[in-house]
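As a basis for the values below, the full set of heavy atoms in this structure was taken, side chains included, without hydrogen atoms, waters or symmetry mates. Remember, predicted model here, so these are calculated numbers, not experimental data.
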Amino acid sequence: MRIETDLKLGFKDVLIRPKRSTLKSRAQVNLDRTYTFLHSGKQWTGVPVIAANMDTVGTFQLAEVLAEHKMLTAIHKHYSVDEWNAFLKGKDDDIYSRIMVSTGTSQEDFGKLKSIFTSNPKLEFICIDVANGYAEAFVEFVRRVRDNHPEKTIVAGNVVTGEMVEELLISGADIVKVGIGPGSVCTTRVKTGVGYPQLSAVIECADAGHGLGGRIISDGGCICAGDIAKAFGGGADFVMLGGMLAGHDESGGELVERNGQQYKKFYGMSSATAMEKHAGGVAEYRASEGKTVEVPYRGAVSETVKDILGGVRSACTYVGASALKELTKRTTFIRVQEQENRTYS
C-alpha cells in the first residue's frame, strides 16, 4: 500500500482565469479542430464534442442532428447489423466522419464489428469501450482490432493514468478515452472506491498521450458548458457528453409523465436497468455500477447544442483564444472554493 499526497482536481475545484483579448465577438471563435491520427493516418476536421455511446444518448437520430453541427456521436453498441445498414442506406458521405461504431470485447462483439464494417466499409471510427481499461485482455483486444482494421481510427478506454494511455496508444489506439467514475449516472466510485478526479486525469493523460502523438477524450463529469471549456483547457482533444445530451427528442430512453411533467429515462450502461435490458440481468459475480434516473424532457437537442457551443466560444473570448486549438495554451486554472452564486438556484 502507498499513498500519493499531491492534489488531484475535478472541474468543480477550478475556474479559468480571464486574459486580455482582442476578440470583438464570440462569432469570431473557430471551434473546428483538425487532427491526423497516429495509426490510421486519417485526417479529421470538426467540432470535437462527442455524444456518449449510451443507449439513452448515442442514437442514430441524435447523430444526424449533431452531424449538422460537425460534432461526433459514438453510436451505442446495441444496434443490429441490419439497423446499421438501414441507417446508412442513402446517407451522404459526410456522415461517416461524424459517427463511431461502439463495441465491447467479446468474441461476439468482434464478429459483429467485422460484419458492420464489411457491409459499410466507409465507416471510419471504432470505439472499443469497457469500464475498466486496465485489463490485459482489453489491451490484447485493441491489438487484435488494429491488426484486423489497420486503416480505421480506433478509440479505446476508459483509463485515467498516463502510463495506461501510453500502453493503449502503443497497442494500436489512436484516441484514448479518459474517465473512471465522473459521470452523472455512474456509481463506480461509490461501489468500488476506485476513480480519479477528472480534470487532473485529463491534464496528466493529455501530457502522456500527446507525447506519443495520440489524442484523448475527456469522458464524463461535465454538467455545464463551463466544464467542457475546462476539459479543453486542460488539454483534452475531444469531450464526450452523456447527461448533458440526455432527455431530448433524439435521445433514447422511455418518455414518462409524473404529476403533469414529462421526463425521459437515463441510465448508466453498467446499471441494473441496462444489464437487464441487454444482458438478461446483473451477473452473480458483479454489482450494478450505474444509476437509473428520470431527467426532465427537454425537446429538440438543437437548442441545447447551440447553448453548449456558445458557452465554449464565450470561454475562448474570455482568454483571447480566436480558435479552440488555442484554448489550452491560454488557460490558467485558479483553485476556488465556490463556482457560482446559488441563491436562486
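Judged by a 6.0 Å distance limit and a 45° cone about the ring axis, Lys91 is positioned over the six-membered ring of Phe87. Because its NZ or CZ atom is not both nearer than 6.0 Å to the ring centre of Phe333 and within 45° of the ring axis, Arg17 does not count as a cation-pi partner of that residue.
The backbone N or O of Val301 lies less than 3.5 Å from a partner atom in the side chain of Glu250, making a donor-acceptor pair. Asp207 places no side-chain N or O within donor-acceptor distance of the main-chain N or O of Ile203, the cut-off being under 3.5 Å. Checked by atom type and distance alone, the side chain of Arg330 never pairs as donor or acceptor with a backbone atom of Gly233 at under 3.5 Å. Arg298 places a side-chain N or O within donor-acceptor distance of the main-chain N or O of Met244, the cut-off being under 3.5 Å. Under a 3.5 Å cut-off, the side chain of Thr73 and the backbone N or O of Ile75 do not form any donor-acceptor pair. Asn132 places a side-chain N or O within donor-acceptor distance of the main-chain N or O of Tyr134, the cut-off being under 3.5 Å. Judged by distance alone, with hydrogens and angles left aside, the side-chain atoms of His76 form a donor-acceptor pair with the main-chain N or O of His78 at under 3.5 Å. Proximity of a side-chain donor or acceptor of Glu167 to a complementary backbone N or O of Glu163 within less than 3.5 Å is not detected. Put simply, the side chain of His248 gets close to the backbone of Ala246: a donor and an acceptor are under 3.5 Å apart. The closest donor-acceptor contact from the side chain of Ser314 to the backbone of Gly311 lies at 3.5 Å or more, if one exists at all.
A heavy-atom distance below 4.5 Å is found between the side chains of Leu66 and Leu245. A 4.5 Å side-chain heavy-atom check between Ser40 and Lys152 finds every atom pair outside the cut-off. In this structure, Leu255 and Tyr297 have side chains that are in contact, with non-hydrogen atoms separated by less than 4.5 Å. Contact check for Pro197 versus Leu9: no side-chain heavy atoms found under the 4.5 Å cut-off. For the pair Leu15 and Lys230, the minimum side-chain heavy-atom distance is below 4.5 Å. Using a 4.5 Å cut-off on side-chain heavy atoms (C-beta onward), Ser80 and Lys112 make no contact. For the pair Val178 and Ile217, the minimum side-chain heavy-atom distance is 4.5 Å or more. A 4.5 Å side-chain heavy-atom check between Leu88 and Leu123 finds at least one atom pair inside the cut-off.
In the displayed structure, Glu338 atom CD is contacted under 6.0 Å by at most 12 heavy atoms of other residues, nucleotides or ligands. Heavy-atom contacts from other residues, nucleotides or ligands closer than 6.0 Å to NZ of Lys8 number more than 12. For CD of Glu136, the number of neighbouring non-hydrogen atoms (other residues, nucleotides, ligands) closer than 6.0 Å is 12 at most. Dense packing is recorded around CG of Asp6, with more than 12 heavy atoms of other residues, nucleotides or ligands lying under 6.0 Å away.
Looking only at atom types and distance, the side chain of Tyr96 has no donor-acceptor partner in the side chain of Asn120 under 3.5 Å away. Inspection of the Thr304 and Asp307 side chains reveals no N or O donor paired with an N or O acceptor under 3.5 Å. Inspection of the Thr317 and Arg26 side chains reveals no N or O donor paired with an N or O acceptor under 3.5 Å. Checking Thr59 against Tyr79 by side-chain atom types alone, no donor-acceptor pair falls below 3.5 Å. Under 3.5 Å, the side chains of Ser218 and Gln198 contain a donor-acceptor pair of N or O atoms. A donor and an acceptor atom, one from each side chain of Asn341 and Thr343, are located under 3.5 Å apart. Defined by atom type and a distance below 3.5 Å, a donor-acceptor pair is present between the side-chain atoms of Glu204 and Tyr196. Between the side chains of Glu108 and Ser106, not a single donor N or O lies within less than 3.5 Å of an accepting N or O.
Closest heavy-atom contact between Asp227 and Gly221: OD2-O, 3.7 Å. In terms of heavy atoms, Leu38 sits closest to Ala173 at CD2-O, 4.2 Å. Counting all heavy atoms, side chain and backbone alike, Leu169 lies closest to His39 at O-NE2, 2.7 Å. Val336 and Gln339 make their closest contact through CG2-NE2, 3.5 Å (heavy atoms, listed as atom of the first residue, atom of the second, distance). In terms of heavy-atom proximity, Asn53 sits nearest to Cys127 at ND2-SG, 4.4 Å. Across all their heavy atoms, Gly253 and Lys264 have their closest contact at O-CE, 3.5 Å.
Using a 4.0 Å cut-off between charged side-chain N and carboxylate O, Asp129 and Lys77 make no salt bridge. In this structure, Glu124 does not pair ionically with Lys42, as no charged nitrogen and carboxylate oxygen lie closer than 4.0 Å. A salt bridge links Glu4 to Arg2: at least one charged side-chain nitrogen sits closer than 4.0 Å to a carboxylate oxygen. Salt-bridge formation is detected for the pair Asp174/Arg146: a Lys NZ or Arg NE/NH1/NH2 atom is positioned less than 4.0 Å from an Asp or Glu carboxylate oxygen. Between Lys329 and Glu326 there is no salt bridge, since none of the side-chain N atoms of the basic residue sits less than 4.0 Å from a carboxylate O of the acidic one. Contact check on Arg98 versus Glu64 returns no salt bridge, with no Lys/Arg side-chain nitrogen under 4.0 Å from an Asp/Glu carboxylate oxygen.
The residue from Asn158, Val139, Val176 that alone fulfils the side-chain contact (heavy atoms from CB on, under 4.5 Å) condition with Met164 is Val139. Between Arg313 and the options Val29, Ile308, Leu23, Leu324, a side-chain contact (heavy atoms from CB on, under 4.5 Å) holds for only Val29.
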task: Carefully, step by step, assess Glu254 and Lys265 under the rule salt bridge (charged side-chain N to carboxylate O under 4.0 Å, His left out).
output: CA-CA 5 Å; Glu254 179 188 354; Lys265 285 193 176 179; 3.7 Å; yes
query: Hey, mind stepping through Tyr35 and Asp237 against side chain to side chain contact (heavy atoms under 4.5 Å, CB included) and telling me if it holds?
result: CA-CA 9 Å; Tyr35 300 122; Asp237 302 291; 3.5 Å; yes
Test log, rule side chain to side chain contact (heavy atoms under 4.5 Å, CB included), inputs Ile3 and Thr5: CA-CA 6 Å; Ile3 297 176; Thr5 57; 4.1 Å; yes
task: Run the numbers on Ile126 and Val155 for side chain to side chain contact (heavy atoms under 4.5 Å, CB included), then give the verdict.
output: CA-CA 6 Å; Ile126 299 170; Val155 176; over 6 Å; no
query: Can you list the steps and then say if Trp84 with Phe117 is a ring-ring contact (aromatic ring centres under 6.0 Å, His included)?
result: CA-CA 10 Å; Trp84 269 100; Phe117 276 89; 8.2 Å; no
query: Between Tyr318 and Lys19, does a side chain to side chain contact (heavy atoms under 4.5 Å, CB included) hold up when you go through it step by step?
result: CA-CA 6 Å; Tyr318 271 106; Lys19 287 184 169 71; over 6 Å; no
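Ring orientation note: the planes of Trp44 and Phe238 are tilted relative to one another, at an angle of 30° to 60°.
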